[in-house]
Engineer: 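My questions will all concern the structure given below.
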Protein chains: 2
Amino acid sequence: MDDTAVSTRESSTGRLWDTQVAGDLAFLMARANAMSLAAANAALADEGLKVRPYSVLALAAADARPTQRELSEFLRLDPSQIVALIDDLQDRGWVTREPDPQDRRVNVVAVTKAGRAAFTRARARVQRHQREHFSVLDHDEIAVLRGLLRRLARVDE
Amino acid sequence: MDDTAVSTRESSTGRLWDTQVAGDLAFLMARANAMSLAAANAALADEGLKVRPYSVLALAAADARPTQRELSEFLRLDPSQIVALIDDLQDRGWVTREPDPQDRRVNVVAVTKAGRAAFTRARARVQRHQREHFSVLDHDEIAVLRGLLRRLARVDE
DNA sequence: TATTGTTATACTCTATAACTATA
DNA sequence: TATAGTTATAGAGTATAACAATA
């Protein structure tokens with residue numbers, strides 16, 4: 001093999017993975033999340049969705065009847081961002097705002113028939129994506145990761 | 001205890017955690033990352049740093065002598081964003097751009113004495129933060145999580 | 001008085017393309 | 001021709017404060 005005249009400069013970033021930061025959970029999580037988010041958004045692009053509106057649709061489709069305030073907490077977004085998110089899904093005819101009769105300040109987000117169908121399609125894509133994107137881990141490892149992330153993600157409830 | 005007249009509406013978001021999305025790795029990662037990022041940024045705020053510039057400083061302080069291109073790949077940021085990041089650290093006197101004599105197009109990022117001191121202070125804060133923020137997991141669980149995230153984060157190298 | 005949803009706005013981050021200097 | 005770094009800019013995402021309706 002002719003690798004005698006290899007460049008002085010290592011062309012890859014391999015050696016950067018031997019540094020301290022590369023072991024920081026905050027760094028690893030940020031990088032893994034950026035990759036996962038990009039892949040998930042790509043998977044949802046054909047349905048004209050991204051992860052955020054998909055999550056709202058999913059909660060509505062699960063008949064969880066979330067209030068906008070609850071969505072704000074759960075998705076860790078400002079209430080003002082939830083407005084735009086729901087406006088968009090409502091414009092597509094996928095969800096509706098139902099005023100709570102017991103507290104007329106509150107809107108509950110409900111799914112429509114079309115919304116349920118859209119969610120079913122989107123969910124199939126997301127699940128296929130997850131299998132592919134996380135295929136570097138085996139079934140048991142994924143279960144372990146899910147459990148650990150779940151505990152971290154739920155910490156400040 | 002007087003909890004007989006409790007409200008009809010569950011005030012917490014607990015029930016949302018029983019839905020399908022709450023098990024999606026993409027969702028869990030996004031949420032766990034958002035929490036971790038906010039905590040890490042808060043930990044670094046006293047040093048006038050955020051996670052991004054801290055990561056650049058860390059790689060320079062590790063004497064990895066990264067090029068701007070390598071930083072771009074490693075941090076998953078556009079090359080144009082690296083410019084501003086390094087400008088800022090350079091203005092503080094913490095890093096310098098050293099032109100590579102072998103390829104004068106290339107800048108290598110090197111740490112200064114002051115930069116090394118700043119990094120030492122910042123690193124102590126970050127490590128303290130990590131211990132606190134991830135304290136819901138025990139030592140072994142953290143090691144497992146780090147290993148799994150590392151494999152995911154390194155996938156497309 | 002406090003809270004839900006809403007609007008407006010400013011700020012940060014991100015993505016893209018074009019430019020320069022070197023190779 | 002191709003690549004490293006830079007600049008400019010538009011778009012997306014985020015954070016904050018103030019407001020109306022209701023509690």
Side-chain angles (χ1 to χ4, degrees), chain A residues 7-13 30-31 33-35 37-38 41-42 44-45 48-56 65-91 95-110, chain B residues 5 7-13 30-31 33-35 37-38 41-42 44-45 48-53 55-56 65-91 95-110:
Chain A
S7 158
T8 310
R9 168 159 305 291
E10 182 64 34
S11 65
S12 89
T13 55
R31 200 174 201 276
N33 178 56
M35 294 166 66
L37 181 68
N41 279 336
L44 286 165
L49 280 169
K50 291 191 168 194
V51 167
R52 295 276 172 72
Y54 167 78
S55 302
V56 173
R65 300 184 66 75
T67 69
Q68 297 191 194
R69 222 69 194 188
E70 288 170 335
L71 289 172
S72 167
E73 280 181 46
F74 193 65
L75 303 178
R76 296 186 72 83
L77 297 174
D78 192 88
S80 65
Q81 295 179 250
I82 302 294
V83 175
L85 226 39
I86 299 181
D87 282 351
D88 177 52
L89 290 171
Q90 202 170 37
D91 289 347
V95 304
T96 55
R97 284 174 166 94
E98 296 187 358
D100 183 338
Q102 294 179 288
D103 182 342
R104 283 163 32 229
R105 292 172 304 178
V106 172
N107 286 336
V108 144
V109 179
Chain B
S7 158
T8 310
R9 167 159 306 289
E10 182 64 35
S11 64
S12 89
T13 55
R31 199 174 202 276
N33 178 55
M35 295 167 67
L37 181 67
N41 279 336
L44 286 165
L49 280 169
K50 291 192 169 192
V51 167
R52 295 277 172 72
S55 302
V56 173
R65 298 184 66 76
T67 69
Q68 296 191 197
R69 223 70 195 189
E70 289 170 334
L71 289 172
S72 166
E73 280 180 48
F74 193 64
L75 303 178
R76 296 186 73 85
L77 296 173
D78 191 87
S80 64
Q81 296 179 249
I82 302 294
V83 175
L85 227 39
I86 300 182
D87 282 351
D88 177 51
L89 290 171
Q90 204 168 36
D91 289 347
V95 304
T96 56
R97 284 173 166 96
E98 297 187 358
D100 183 337
Q102 294 179 289
D103 182 343
R104 282 158 38 224
R105 292 172 306 180
V106 172
N107 287 336
V108 144
V109 179

Engineer: Mind calculating the distance between CG (D78(A)) and C1' (dT14(D)) to the nearest angstrom?
Structural biologist: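 To the nearest whole Å, that distance equals 8 Å.
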Engineer: Which comes earlier along DNA chain D counting from the 5' end, the contact point of N107(B) or that of D103(A), where each point is its nearest nucleotide?
Structural biologist: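 Final value for this comparison: N107(B).
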Engineer: Rounded off to whole Å, could you give me the CZ-to-C1' distance for the R69(A) and dT4(C) pair?
Structural biologist: 6 Å
Engineer: For the pair made of CD in Q90(B) and C1' in dG5(D), what is the distance, rounded to whole Å?
Structural biologist: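 After rounding, the gap between these two atoms is 13 Å.
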Engineer: Between dT6(D) atom C1' and L77(B) atom CG, what is the distance in whole Å?
Structural biologist: 16 Å
Engineer: Are OP1 or OP2 of dA23(D) and a side-chain N or O of Q102(A) less than 4.0 angstrom apart?
Structural biologist: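 For Q102(A), the contact criterion (side-chain N or O under 4.0 Å from OP1 or OP2 of dA23(D)) is not met.
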Engineer: Please tell me if Q81(B) has a side-chain N or O lying less than 4.0 Å from either OP1 or OP2 of dT14(C).
Structural biologist: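 For dT14(C), OP1 or OP2 has a side-chain N or O of Q81(B) closer than 4.0 Å.
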Engineer: Looking at dT14(C), I'd like to know if its phosphate oxygens (OP1 or OP2) sit under 4.0 Å from a side-chain N or O belonging to R52(B).
Structural biologist: yes
Engineer: Check this one for me: any side-chain N or O of K50(B) less than 4.0 Å away from OP1 or OP2 of dT12(C)?
Structural biologist: no
Engineer: What nucleotide, of dG5(D), dT6(C), dA8(D), holds the atom closest to the side chain of Q68(A)?
Structural biologist: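 The closest nucleotide is dT6(C).
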Engineer: Below the 4.0 Å mark, does dC19(D) have OP1 or OP2 next to a side-chain nitrogen or oxygen of R105(A)?
Structural biologist: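 For dC19(D), neither OP1 nor OP2 has a side-chain N or O of R105(A) closer than 4.0 Å.
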Engineer: Measuring from the side chain of S80(A) (C-beta onward, heavy atoms only), which nucleotide among dA4(D), dT7(C), dT6(C) has the closest atom?
Structural biologist: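 Of the options given, the side chain of S80(A) lies nearest dT7(C).
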Engineer: Does the side chain of R104(A) get closer than 4.0 angstrom to OP1 or OP2 of dA23(D) through an N or O atom?
Structural biologist: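 Answer is yes, contact under 4.0 Å.
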Engineer: For L85(B) and dT14(C), what is the distance between atoms CG and C1' respectively, to the nearest whole Å?
Structural biologist: 13 Å
